[in-house]
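Read the structure below first, then the notes.
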Amino acid sequence: MTKLPAKTTKSPVRAAKARPDEGLSIVVPVFNEAKGLPSLHERIAEVARFLHSKHNLAVEVVYVDDGSSDATSQTANALPAMPLDVQVVTLSRNFGKEAALLAGLDHARLGAILFMDGDGQHPPSLIETLVSRWLDDGYDVVYTAKAHRENEPWLRRTGVHWFYWLLNWRARLKIPEDAGDFRLLSPRAANALRQMPERNRFFKGLSSWIGFRQVRVDYEPAEREHGVTTWNVWSLVGLSVEALTSFSVAPLRVASLLGVVMAASALLFGAWIVMETVLFGEDVPGYPSLVVGLMVLGGVQLMMIGVLGEYIGKLLSEIKGRPVYFVAEHTLKAADEPAKEGGKARPSPARAAE
Ligand code: UDP
Ligand code: MG
């Protein structure tokens, strides 16, 4: 067997030649966003027009309706496909934003992918900047971060800070604090993301994990245009646990560390009691210290069993291997074409404005 010469990669972070002809898919998860969708779509279409004239970039938008209970799906299907192709993927129920993002990733047909929220908080005007960092500067992952968090409650800011500290604690890969889901992935980065097999997904983490050339863009998030955020304290805690258990074994390490600290202090305390009795003949003060010790130990043990449980639960859900989402309906409107009835995707998609 002849041996193939090893590929030489002298400069590992050489800018990949960006290929604008591969186009850009904009993925927008929407959950009960019917009201704001038409105006958002208008702004996206405007950006698409600009991108086409400046970079000769084909653009499509993929709205993933995450089981909305309002008219989001109908509204999205009625949006004009000018000058960009419009796909609407309606999921069979509400699967959550991370699943909706994956559905968008799976349905995107053009090379690069841009993820943005459907509530108007991610300004479409910033898309040009993200695209230019990809095409002009050769970056693979262009992620955005809130320029500041002063307008958020102190508790939330502190919580986020500690969360990232724990997440990145002794990790080889640091997931940038404050980075949002509003981000652009070059074709090769998007392909890398597609190869991640896990079902429990934390997009921000995964898209840092893949590596390549990453760059940060600061922005000022807009106010939600209407409606209320779907995130509350518990869903944020849920996502944090998800992220932590997907990306780090820090909680398990904390458990071991705590065990060592507890055992060491118990040993010292024991030695101290023996010394007291032997040297000074003092009585061992029993009951209260015993109860406190028991309760602390019991609490810590239960907590750590809970941590173990999180990882076991994760193993279970990965092993079950269920699909992350189901698609109930999928429509594609190619630019300049009348709406297609029947909710079937076209087998050979036409490119926008070519
Ligand atoms: N979203 C979704 N499925 C959900 C919850 C939210 O697809 O179960 C979408 C929502 O429509 C929006 C984006 O995810 O486009 C961000 O949601 P939201 O604004 O509620 O979160 P926040 O901006 O407060 O983080
Ligand atoms: Mg929002």
Side-chain angles (χ1 to χ4, degrees), residues 25-44 61-77 79 86-108 113-124 126-127 143-149 151-153 155-157 159-160 163-164 175-183 199-205 207 219-240 242-243 324-330:
S25 293
I26 300 176
V27 169
V28 188
V30 280
F31 178 57
N32 294 340
E33 307 280 4
K35 258 195 197 149
L37 209 50
S39 72
L40 178 76
H41 183 70
E42 224 167 84
R43 291 165 72 192
I44 292 178
V61 62
V62 184
Y63 292 110
V64 183
D65 172 21
D66 187 18
S68 302
S69 51
D70 68 355
T72 299
S73 178
Q74 292 92 310
T75 312
N77 274 305
L79 294 172
V86 178
Q87 285 196 63
V88 180
V89 180
T90 307
L91 303 186
S92 60
R93 65 168 169 86
N94 179 242
F95 284 92
K97 183 179 175 185
E98 299 286 325
L101 290 175
L102 180 65
L105 180 69
D106 290 343
H107 285 84
I113 301 194
L114 186 141
F115 297 99
M116 69 184 288
D117 281 2
D119 58 2
Q121 288 197 288
H122 294 163
L126 200 67
I127 295 177
Y143 63 90
T144 63
K146 294 182 187 168
H148 58 81
R149 283 179 171 268
N151 48 356
E152 287 182 9
L155 196 66
R156 186 180 162 133
R157 265 186 290 153
V160 168
F163 163 69
Y164 276 98
I175 295 173
E177 189 170 337
D178 287 355
D181 281 325
F182 187 19
R183 55 181 64 220
R199 278 160 189 85
N200 295 289
R201 305 185 74 91
F202 176 57
F203 251 86
K204 294 177 219 184
S207 55
Y219 82 109
E220 198 75 44
E223 286 291 318
R224 223 171 191 287
E225 276 178 355
H226 60 88
V228 286
T229 172
T230 45
W231 295 97
N232 56 32
V233 173
W234 291 114
S235 50
L236 280 178
V237 168
L239 185 66
S240 308
E242 179 66 58
V324 180
Y325 60 86
F326 282 110
V327 175
E329 239 178 83
H330 176 208

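We number each residue from 1, following the sequence as shown. Counting starts at 1 for both ligands and their atoms, following the listed order.
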task: Give yes if a backbone or side-chain nitrogen or oxygen of A100 is under 3.5 Å from a nitrogen or oxygen of ligand 1, and no if not.
output: no
message: Taking 2.8 Å as the cut-off, does D117 contribute an N, O or S atom near the Mg ion (ligand 2), distance below it?
response: no
- request: Check whether any side-chain heavy atom of V30 lies under 4.5 Å from a side-chain heavy atom of L40, and answer yes or no.
  value: no
query: Considering only heavy atoms of D119, which atoms of ligand 1 have at least one such atom less than 4.0 Å away?
result: 15 (O), 18 (P), 19 (O), 23 (O)
message: Once side-chain contact (heavy atoms from CB on, under 4.5 Å) is applied, do any residues pair with T90, and if so which ones, sequence neighbours excluded?
response: D65, S73, V88, E329
message: Are V64 and L91 packed together at the side-chain level, in the sense that at least one heavy-atom pair is separated by less than 4.5 angstrom?
response: yes
message: To 10 degrees, how wide is the angle OD2 (D119) to the Mg ion (ligand 2) to OE1 (Q121)?
response: 100°
message: Heavy atoms only: which of H122, K97, E33 lies closest to atom 14 (O) of ligand 1?
response: K97
- line: atom 13 (C) of ligand 1: of L40, T72, D117, the nearest heavy atom sits on D117
message: Show, in sequence, the C-alpha distance, side-chain angles and deciding distance for F182 and D117, and conclude whether the side chain to side chain contact (heavy atoms under 4.5 Å, CB included) test is met.
response: CA-CA 7 Å; F182 187 19; D117 281 2; over 6 Å; no
- prompt: N94 heavy atoms, cut-off 4.0 Å: which ligand 1 atoms fall inside?
  reply: 3 (N), 4 (C), 8 (O)
Side chain to side chain donor-acceptor pair (under 3.5 Å) involving S207 - partner list, sequence neighbours excluded: R183
- line: Here the gap from F95 atom CZ to L102 atom CG, rounded to the nearest 0.5 Å, amounts to 11.0 Å
